[in-house]
Participant: 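This is the structure I have questions about; it appears just below.
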Amino acid sequence: MPRSLLILLLTSLTSGGAHCDNAAAATLGEAVHAALEIAEQASRVTAARREADATRAQAGSLVAEDPALRVKYLSDRLTEDRGATEWEAMIDLPLWLPGQRGARQDVAGALDTQAGALERLMRWEMAGRVRQAAWQAAMAEGRLRQAELALEASRALEATVAKRTKGGELAQVDLVTASQETLGREVELQAAQLDAQRARDAYQRLTGQGDLPEPLTEPAPDPAETPRALPPDHPLLIDGDGALELARAERSRVVQERRGHPILSLGGKRARDLRGEDTLDSLQLEVSVPFGLSSQTAPALAAAERSYTDRLAELHRTRREAEQALATADLERLAAAEALTVAERRHGLARDALRLMRRAFDLGESDLVDLLRAEERAREANVDLELRRLEQGSALARLNQALGVIPE
């Protein structure tokens with residue numbers, strides 16, 4: 001069995017096993033969902049939501065911070081030793097000042113919003129990886145198809161040359177040349193098979209799916225929207241807005257809590273002045289109000305303001321980068337359309353030239369070298385046309401990714 005056929009058979013068996021062991025992704029959205037499950041990124045969103053729930057529960061508490069128990073004991077045993085004792089137990093309850101509880105609840109709401117934005121951002125980022133891997137596999141399979149067609153045409157030519165050599169119409173060197181050309185096409189087919197399998201394996205490792213999404217080509221955006229602008233619900237912008245809102249809520253919380261929390265202390269006291277006398281029990285109530293000096297709260301306020309400024313600058317930078325990525329993707333799609341037009345014209349000319357050259361070769365008006373050159377140009381044109389057609393879908397996928405489109 002020829003080596004190329006053996007490799008093709010092994011590739012078919014490998015791909016067939018993958019198809020049996022893995023459910024095919026019916027849509028691009030399902031492939032993205034499967035990739036997210038493999039990446040195990042859901043825990044990040046869960047942790048963010050738990051932080052929001054914990055902050056909300058804290059804001060709903062009756063006390064602003066952990067209560068504390070204070071116990072005090074006094075005795076004159078080591079001094080006068082007259083039997084004087086005193087026990088005191090107090091519970092300290094930090095209280096909310098007006099506005100502090102609401103500030104904590106705003107932080108919890110911002111954390112919830114950011115968790116939702118994070119979930120959408122992770123799905124969008126994974127969609128970009130799946131799109132890239134899927135179209136790389138599709139492009140590799142396109143090259144493989146063209147390599148198979150080129151080998152088939154080369155073998156047909158070799159058979160024709162062998163027949164004419166046997167009849168004395170062509171020299172033996174022509175048959176050797178045709179055989180060398182066929183071997184070259186077999187080498188190209190082996191390389192194309194390897195590249196296609198690698199691309200398939202990369203896609204399968206990412207998504208766990210044995211087949212590419214169907215359909216792979218996505219719906220095109222509205223052509224009337226030119227020049228294109230970032231949609232307000234772009235995942236990058238939503239995530240940046242969420243981070244900015246959280247920084248704003250944290251800044252408000254620091255402002256509200258700059259005076260600290262008043263402490264209400266409740267407790268009792270049991271005292272005895274002399275040995276043998278009755279003990280006296282009493283209830284105690286204390287209130288401690290912090291001053292909230294600006295010199296002490298200034299560092300926390302400055303840090304919160306800096307965090308807010310950083311998030312605002314990050315949002316502006318993200319917007320500029322996303323706008324640049326969108327403009328680049330739009331230009332690449334236009335360039336891909338123009339390249340397809342050129343490839344179609346080149347393919348037509350190369351096909352006509354090859355047809356004329358084959359007729360001339362059959363009539364004995366040209367030699368084998370000229371025919372091989374024409375076939376090489378036609379093969380290159382076929383490959384270029386195949387890739388340019390696939391590039392239309394790949395460019396559209398990149399444009400949708402830049403627009404923040406998340407496949408469902």
Side-chain angles (χ1 to χ4, degrees), residues 27-56 59 102-132 206-207 218-222 225-253 304-330 332-333 396-408:
T27 63
L28 181 61
E30 291 180 359
V32 173
H33 181 73
L36 283 171
E37 289 185 345
I38 292 176
E40 297 181 353
Q41 294 294 308
S43 58
R44 295 175 56 191
V45 179
T46 302
R49 296 196 186 281
R50 286 177 178 173
E51 183 181 2
D53 294 339
T55 304
R56 186 175 293 106
R104 292 288 180 97
Q105 290 174 344
D106 291 342
V107 171
L111 287 170
D112 255 339
T113 301
Q114 192 179 40
L118 176 61
E119 185 175 17
R120 183 176 176 83
L121 178 65
M122 289 193 307
R123 185 172 180 85
W124 174 76
E125 291 175 341
M126 184 59 71
R129 295 176 58 189
V130 172
R131 281 169 169 141
Q132 181 180 8
L206 178 63
T207 64
E218 304 176 41
D222 188 357
E225 296 180 1
T226 305
R228 304 186 192 279
L230 285 177
D233 61 344
H234 193 288
L236 283 175
L237 301 184
I238 295 297
D239 182 69
D241 287 338
L244 182 63
E245 180 60 30
L246 178 59
R248 183 185 294 112
E250 285 286 356
R251 183 181 63 177
S252 299
R253 180 192 64 79
E305 185 66 32
R306 181 178 63 83
S307 178
Y308 175 79
T309 305
D310 288 346
R311 298 290 80 75
L312 183 59
E314 180 72 15
L315 177 59
H316 291 163
R317 184 187 64 83
T318 300
R319 180 182 293 275
R320 290 194 300 269
E321 291 180 353
E323 289 174 347
Q324 181 60 44
L326 176 58
T328 300
D330 208 8
E332 288 179 350
R333 191 187 179 199
L396 177 58
R398 292 194 297 271
L399 178 58
N400 283 337
Q401 181 70 17
L403 284 169
V405 177
I406 301 177
E408 300 297 337

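Because the structure is predicted, anything quoted here is derived from the model rather than measured.
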Participant: What side-chain hydrogen bond (donor to acceptor under 3.5 Å, both in side chains) pairs are there with at least one residue in residues 398-408, not counting sequence neighbours?
Facilitator: R131-Q401, E218-N400, E332-R398, E391-R398, S394-R398
Participant: Backbone N or O of P407 within a donor-acceptor pair of the R123 side chain at under 3.5 Å?
Facilitator: yes
Participant: Restricting to side-chain contact (heavy atoms from CB on, under 4.5 Å), what partner residues turn up for E314, sequence neighbours left out?
Facilitator: R317, T318
Participant: Not counting sequence neighbours, which residues clear side chain to side chain donor-acceptor pair (under 3.5 Å) with E323? List them please.
Facilitator: none
Participant: How about CZ on R129, more than 12 heavy atoms from neighbouring residues, nucleotides or ligands closer than 6.0 Å, or not?
Facilitator: no
Participant: Per the side-chain hydrogen bond (donor to acceptor under 3.5 Å, both in side chains) rule, what does the pair list look like for residues 108-118, sequence neighbours excluded?
Facilitator: R56-D112
Participant: Show me, pair by pair, the donor-acceptor contacts under 3.5 angstrom made by side chains of residues 41-48, not counting sequence neighbours?
Facilitator:
residue, atom, partner, partner atom, Å
Q41, OE1, R44, NH1, 3.3
Q41, NE2, A39, O, 3.4
T46, OG1, A42, O, 3.1

Participant: What side-chain donor-acceptor pairs closer than 3.5 Å can you find for residues 231-239, not counting sequence neighbours?
Facilitator:
residue, atom, partner, partner atom, Å
H234, ND1, L236, N, 3.1
H234, NE2, A402, O, 3.0

Participant: Is there a side-chain contact (heavy atoms from CB on, under 4.5 Å) between I38 and L206 once you walk through the steps?
Facilitator: CA-CA 7 Å; I38 292 176; L206 178 63; over 6 Å; no
Participant: Would you indicate whether the side-chain heavy atoms of D106 and S252 approach each other to under 4.5 Å?
Facilitator: no
Participant: Tell me whether D53 is salt-bridged to R49, with the criterion being a basic N under 4.0 Å from an acidic carboxylate O.
Facilitator: no
Participant: Determine whether L399 and L326 satisfy the following criterion, side-chain contact (heavy atoms from CB on, under 4.5 Å), listing intermediate values before the conclusion.
Facilitator: CA-CA 7 Å; L399 178 58; L326 176 58; 3.8 Å; yes
